[in-house]
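Please read the structure below before turning to the comments.
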Amino acid sequence: QVQLVESGGGLVQAGDSLRLSCAASGRTFSSYAMAWFRQAPGKEREFVAAISHTGVKTAHADSVKGRFTISRDNAKNTLYLQMNSLTPGDTALYYCAATLAYSDSYYSRRYDYNYWGQGTQVTVSS
């Protein structure tokens, strides 16, 4: 099992940057593929970015490609999301998610993940 705690959210202006972190408990963080999802009010939770358990393979949603970067530090049991050039459309509650990996793959469907954090709010003003 793994427990996830997100941090780094806040209120920023359009064009600003933020870095989200997701701290994972347990000694087997490196065995989990990880991802970031987000959910805006009245909308479904959507995929943002994913990373394989080694960190070699990554994927980003088209809406954030070129602006957001997912990464991980397995020695620190931490997942990151660097967010640049933020827009009001990025306003949402951001969740990190984990699933035990059986290959060096990433997963982009919310149903692939069975461990979730509580979320960190990102609000971007215009």
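Worth saying up front: this structure is predicted, and the values here are computed from it rather than measured.
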For this session: State yes or no: are the ring centers of Trp36 and Phe68 separated by less than 6.0 Å?
Result: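 Between Trp36 and Phe68, the centre distance exceeds or equals 6.0 Å.
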
From [atom1] ([X]) to [atom2] ([Y]), nearest 0.5 Å:
| X | Y | atom1 | atom2 | result |
| --- | --- | --- | --- | --- |
| Arg67 | Ser85 | CZ | OG | 7.0 Å |
| Asn74 | Met34 | CG | CE | 9.5 Å |
| Lys43 | Leu93 | NZ | CG | 14.5 Å |
| Gln3 | Cys22 | CD | SG | 11.5 Å |
| Leu20 | Cys96 | CG | SG | 9.5 Å |
| Thr99 | Tyr115 | OG1 | OH | 8.0 Å |

Using side-chain heavy atoms (C-beta onward) and a distance below 4.5 Å, is [X] in contact with [Y]?
| X | Y | result |
| --- | --- | --- |
| Ser17 | Met83 | no |
| Tyr113 | Tyr107 | yes |
| Arg110 | Trp116 | yes |
| Ser126 | Pro88 | yes |
| Phe29 | Arg72 | yes |
| Glu6 | Tyr94 | no |
| Tyr106 | Ile51 | no |

Would you check if the side chain of [X] reaches a backbone N or O of [Y] as a donor-acceptor pair within less than 3.5 Å?
| X | Y | answer |
| --- | --- | --- |
| Thr120 | Ser7 | no |
| Ser63 | Ala61 | no |
| Arg45 | Tyr95 | no |
| His60 | Ile70 | yes |
| Thr69 | Gln82 | no |

Which atom of [X] lies closest to which atom of [Y], heavy atoms considered:
| X | Y | result |
| --- | --- | --- |
| Ala49 | Leu81 | CB-CD1, 4.3 Å |
| Ser21 | Thr78 | CB-CG2, 4.2 Å |
| Ala24 | Leu4 | CB-CD2, 3.8 Å |
| Ser103 | His53 | O-CD2, 3.6 Å |

Problem set entry | Other residues, nucleotides, ligands: >12 heavy atoms within 6.0 Å of Glu46 CD | yes

Exercise. When you look at CZ of Phe47, are more than 12 heavy atoms from neighbouring residues, nucleotides or ligands closer to it than 6.0 Å?
Worked result: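 Yes, the 6.0 Å shell around CZ holds more than 12 heavy atoms from other groups.
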
Exercise. Can Arg38 and Asp90 be said to form a side-chain contact (heavy atoms from CB on, under 4.5 Å), step by step?
Worked result: CA-CA 9 Å; Arg38 67 186 182 185; Asp90 296 316; 2.9 Å; yes

Exercise. Which is it for Tyr32 and Val2 under the side-chain contact (heavy atoms from CB on, under 4.5 Å) test, yes or no, and what are the steps along the way?
Worked result: CA-CA 9 Å; Tyr32 290 85; Val2 63; 3.9 Å; yes

For this session: Apply side-chain contact (heavy atoms from CB on, under 4.5 Å) to the pair Val124 and Asp16, showing each step before the final yes or no.
Result: CA-CA 8 Å; Val124 185; Asp16 285 351; over 6 Å; no

For this session: Determine, stepwise, if the pair Asp104 / Val56 fulfils side-chain contact (heavy atoms from CB on, under 4.5 Å).
Result: CA-CA 8 Å; Asp104 195 27; Val56 171; 3.8 Å; yes

